[in-house]
Amino acid sequence: MWFLRAGMSEGWVNDRAVSAGVGWRPTENYSDLFGIGAGWVRPNSEVVPELFQREQWNFETFYRFHLTPNLAVTPDIQYIVNPSLNPGVDDMWVASLRARITF
């Protein structure tokens, strides 16, 4: 599985954005999913204060697995370069844990 997403806007916080990634199902039952992705965002210079106008790059990897047939858990780690809304740092790491319940 792969994805590509791009967008443009006028008057919103982000002027341009592009992200892409791939996913791979490593198990035979196809319920688990390993993925990687990358993205780029350019803030809108007319809306965002000059302090926050840095082009941001982000890189992500995740692994989704099922605890039960209706509950999936996804640990995730992201590396962000030039975080637009945090001008005091040049790069940062973000870890998260998501859950998905289906009925």
Side-chain angles (χ1 to χ4, degrees):
M1 296 176 20
W2 62 275
F3 72 89
L4 174 65
R5 178 177 47 217
M8 299 171 35
S9 69
E10 293 181 15
W12 291 86
V13 174
N14 294 328
D15 186 41
R16 306 272 191 275
V18 177
S19 58
V22 295
W24 172 59
R25 297 188 186 275
T27 60
E28 291 183 17
N29 64 6
Y30 294 107
S31 63
D32 292 2
L33 181 66
F34 171 76
I36 58 173
W40 165 82
V41 174
R42 182 175 72 190
N44 187 334
S45 61
E46 295 177 9
V47 177
V48 177
E50 186 174 342
L51 176 65
F52 301 109
Q53 292 179 17
R54 301 192 306 171
E55 292 186 359
Q56 174 178 301
W57 290 87
N58 59 295
F59 306 93
E60 173 183 15
T61 187
F62 67 88
Y63 190 83
R64 183 183 69 205
F65 60 95
H66 283 262
L67 295 176
T68 70
N70 297 77
L71 176 62
V73 175
T74 308
D76 170 273
I77 188 140
Q78 297 181 40
Y79 177 63
I80 303 170
V81 179
N82 293 334
S84 294
L85 297 179
N86 195 349
V89 297
D90 292 328
D91 60 349
M92 62 191 300
W93 290 91
V94 178
S96 67
L97 182 65
R98 298 186 298 253
R100 183 179 71 173
I101 299 173
T102 58
F103 299 101

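It should be emphasised that the depicted structure is a prediction, and the values quoted were computed from it without experimental measurement.
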Do you know which two heavy atoms are closest between [X] and [Y], and how far apart they sit?
X	Y	result
S84	Q56	N-OE1, 2.9 Å
M1	L33	CE-CD2, 4.2 Å
N58	W40	OD1-N, 4.1 Å

How long is the straight-line distance from [atom2] of [Y] back to [atom1] of [X], given to the nearest 0.5 Å?
X	Y	atom1	atom2	result
R42	M8	CZ	CE	8.5 Å
D91	N86	CG	CG	10.5 Å
I77	L97	CD1	CG	12.0 Å
F65	L71	CZ	CG	9.0 Å

Under 4.5 Å between side-chain heavy atoms, counting indirect links through other Ile/Leu/Val/Met/Phe/Trp/Tyr residues: same cluster for [X] and [Y] or not?
X	Y	result
F3	F34	no
F62	I101	no
V94	W57	no

- Test R98 against D76 for side-chain contact (heavy atoms from CB on, under 4.5 Å), laying out the working first. CA-CA 8 Å; R98 298 186 298 253; D76 170 273; 3.7 Å; yes
- Message: Do R54 and D90 have side chains that approach each other closer than 4.5 Å (heavy atoms only, starting at C-beta)?
- Response: yes
- Query: Do Y79 and V81 have side chains that get closer than 4.5 Å, going by heavy atoms?
  - Reply: yes
- Return the set of residues passing ring pair (Phe, Tyr, Trp, His ring centres under 6.0 Å) with W2 (not counting sequence neighbours), or none when no residue passes. none
- N/O donor-acceptor pair under 3.5 Å between N70 side chain and T102 backbone: yes
Which donor-acceptor pairs under 3.5 Å do side chains of residues 18-28 form with protein atoms, sequence neighbours excluded?
| from | atom 1 | to | atom 2 | distance (Å) |
| --- | --- | --- | --- | --- |
| S19 | OG | R5 | NE | 3.2 |
| S19 | OG | R5 | NH2 | 3.2 |
| R25 | NH1 | Y30 | O | 2.8 |
| T27 | OG1 | N29 | OD1 | 2.7 |

- Does the pair Y63 and T61 meet the rule for a side-chain contact (heavy atoms from CB on, under 4.5 Å), with working shown? CA-CA 7 Å; Y63 190 83; T61 187; over 6 Å; no
